[in-house]
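Notes follow the structure.
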Amino acid sequence: MIQRLWALVRLRCPKCYQEKMFTYNNMYSWRKSDVMPVTCKCCGQPFTPEPGFYYGAMYMSYALYAALFIPAFIATILMDLSYEVFYISFVCIALLVSPYIFRLSRAVYLYFFVDHEEIHTKIVLTKQPFAGQK
């Protein structure tokens, strides 16, 4: 479970945990931040299972922003800070992490729909090449 979460945070393939899910490392390049390979080079897992698949990732994005907002708001109340300070700092932080949240929401959504156990067990136990791997 910890290995799966670590692969998710690092934006790796949900099936084999090896290959990067996004083609370009720079997530602040707005034109290239959403470019993904068609399939994983290691295990052959398609990164876009069907057209329009990632529309559901918007809900994941909403949940991730809520997970960021709620603790920050509680900390503001507990530290007795002004709401203006909270608002300005939260907007700045949200703008800085929004490219990562975008990518993470896509990864989380894909992780929900991919069965990883079979191929991951083969990679760890046998170290044998798989379909699509040379």
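Residue numbers count from 1 along this sequence. No experiment lies behind these values; they were computed from the predicted model shown.
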Members other than Val38 in its cluster, when Ile, Leu, Val, Met, Phe, Trp, Tyr link by side-chain heavy atoms under 4.5 Å?
none
Determine whether a donor-acceptor pair (N or O, by modelled atom type, separation under 3.5 Å) exists between the side chain of Arg10 and the backbone of Leu5.
no
Could you tell me the separation between the CZ atom of Arg106 and the OG1 atom of Thr48, rounded to the nearest 0.5 Å?
7.0 Å
Out of curiosity, Thr76 OG1 to Tyr87 OH, how far, rounded to the nearest 0.5 Å?
13.5 Å
Taking the side chain as C-beta and beyond, is there a heavy-atom pair between Ile101 and Tyr62 under 4.5 Å?
no
Heavy atoms only: give me the nearest Ser98-Tyr65 pair and the separation to one decimal.
CB-OH, 3.0 Å
Pi-cation contact, Tyr17 with Arg12 (under 6.0 Å, within 45°):
no
Taking the side chain as every heavy atom from C-beta outward, state whether Tyr54 and Asp34 have any pair of such atoms under 4.5 Å apart.
no
Listed by chain and number, what are the side chain to side chain donor-acceptor pair (under 3.5 Å) partners of Asn25, not counting sequence neighbours?
Lys20
Please check if Tyr109 and Met58 belong to a single hydrophobic cluster, counting links between Ile, Leu, Val, Met, Phe, Trp and Tyr side chain heavy atoms closer than 4.5 Å.
no
Listed by chain and number, what are the ring-ring contact (aromatic ring centres under 6.0 Å, His included) partners of Phe90, not counting sequence neighbours?
Phe69, Phe86
CZ of Arg103 to CE of Met27: how many Å apart, nearest 0.5 Å?
5.5 Å
If hydrophobic residues (ILVMFWY) are linked whenever their side-chain heavy atoms come closer than 4.5 Å, directly or via other members, who joins Tyr24 in its cluster?
Val35
Give me the atom names and distance for the closest heavy-atom approach of Thr39 to Pro46.
CG2-CA, 4.0 Å
Kindly compute the distance separating CG (Leu81) from OG (Ser89), expressed to the nearest 0.5 Å.
8.0 Å
Flag yes if Val97 and Ile70 sit in one hydrophobic cluster, no otherwise; membership is Ile, Leu, Val, Met, Phe, Trp, Tyr, and two members link when side-chain heavy atoms are under 4.5 Å apart.
yes
Out of the candidates Cys40, Pro37, Cys43, only one should pair with Glu19 under the side chain to side chain contact (heavy atoms under 4.5 Å, CB included) rule; please name it.
Cys40
Distance-minimising heavy-atom pair for Ser82 and Val85
OG-CG2, 3.1 Å
Test side chain to side chain contact (heavy atoms under 4.5 Å, CB included) on Met60 and Phe112 and set out the steps.
CA-CA 11 Å; Met60 293 297 123; Phe112 276 135; 3.5 Å; yes
Can you check whether Ala57's main-chain N or O pairs, donor with acceptor, with Ser61's side chain at less than 3.5 Å?
no
Among the clusters formed by ILVMFWY side chains lying less than 4.5 Å apart, do Leu110 and Tyr55 turn up in the same one?
no
Report the residues that fulfil ring-ring contact (aromatic ring centres under 6.0 Å, His included) with Tyr59, sequence neighbours left out, ordered by chain and then residue number.
none
Residues that, via side-chain heavy atoms closer than 4.5 angstrom, fall in one hydrophobic cluster with Phe102:
none
Shared ILVMFWY cluster between Ile74 and Leu64, side chains joined below 4.5 angstrom?
yes
In sequence, state the C-alpha distance, the side-chain angles, and the governing distance for Cys42 and Cys13, and then conclude on side chain to side chain contact (heavy atoms under 4.5 Å, CB included).
CA-CA 9 Å; Cys42 181; Cys13 173; over 6 Å; no
What are the two closest non-hydrogen atoms of Leu11 and Tyr100, and how far apart are they?
CD1-CE1, 4.1 Å
Check whether more than 12 heavy atoms from other residues, nucleotides or ligands sit under 6.0 Å from atom OH of Tyr28, and answer yes or no.
yes
Could you go through Phe113 and Phe53, starting from their C-alpha distance and side-chain angles, then the distance that decides it, and tell me whether this counts as side chain to side chain contact (heavy atoms under 4.5 Å, CB included)?
CA-CA 10 Å; Phe113 293 101; Phe53 177 76; 3.6 Å; yes
Kindly determine whether Val114 and Gln45 satisfy side chain to side chain contact (heavy atoms under 4.5 Å, CB included), including the steps that lead there.
CA-CA 9 Å; Val114 173; Gln45 168 65 37; 3.5 Å; yes
